[in-house]
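Since this is a predicted model, take the numbers as computed values, not measurements.
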Amino acid sequence: MTALVVLVVVGIVVLCITAVVIGVIDSRRTGARRRIAAERRQAWERRQRQLHGGPYEIDAWGDEDTD
């Protein structure tokens with residue numbers, strides 16, 4: 001019976017340690033992900049301007065009041 005309890009406690013500890021390690025690694029990579037996302041968005045906006053001939057307006061959906 002004690003072996004089962006020890007096994008469960010060890011499993012919970014391993015899950016907690018894994019969560020902490022993943023959280024630390026993820027937080028360190030946040031800046032790089034945001035930089036890559038900004039570069040991709042700029043490239044997308046350039047393509048939209050080339051295709052449509054002007055600035056691509058995204059805010060139009062949020063400005064409508066249809067209630």
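Residues passing the side-chain contact (heavy atoms from CB on, under 4.5 Å) test with V9, sequence neighbours excluded: V5, V13. With sequence neighbours excluded, the residues that form a side chain to side chain donor-acceptor pair (under 3.5 Å) with R33 are D26. Taking the salt bridge (charged side-chain N to carboxylate O under 4.0 Å, His left out) definition, one finds that R35 meets it with E39, sequence neighbours left out.
Rounded to the nearest 0.5 angstrom, R29 CZ and I36 CD1 are separated by 8.5 Å.
Through side-chain heavy atoms spaced under 4.5 Å, either directly or across other Ile, Leu, Val, Met, Phe, Trp or Tyr residues, V8 is tied to I12. Clustering of Ile, Leu, Val, Met, Phe, Trp and Tyr by side-chain heavy atoms under 4.5 Å joins V14 with V6, V10.
Sorted by first then second residue, the salt bridge (charged side-chain N to carboxylate O under 4.0 Å, His left out) pairs that include residues 3-23, not counting sequence neighbours, number zero.
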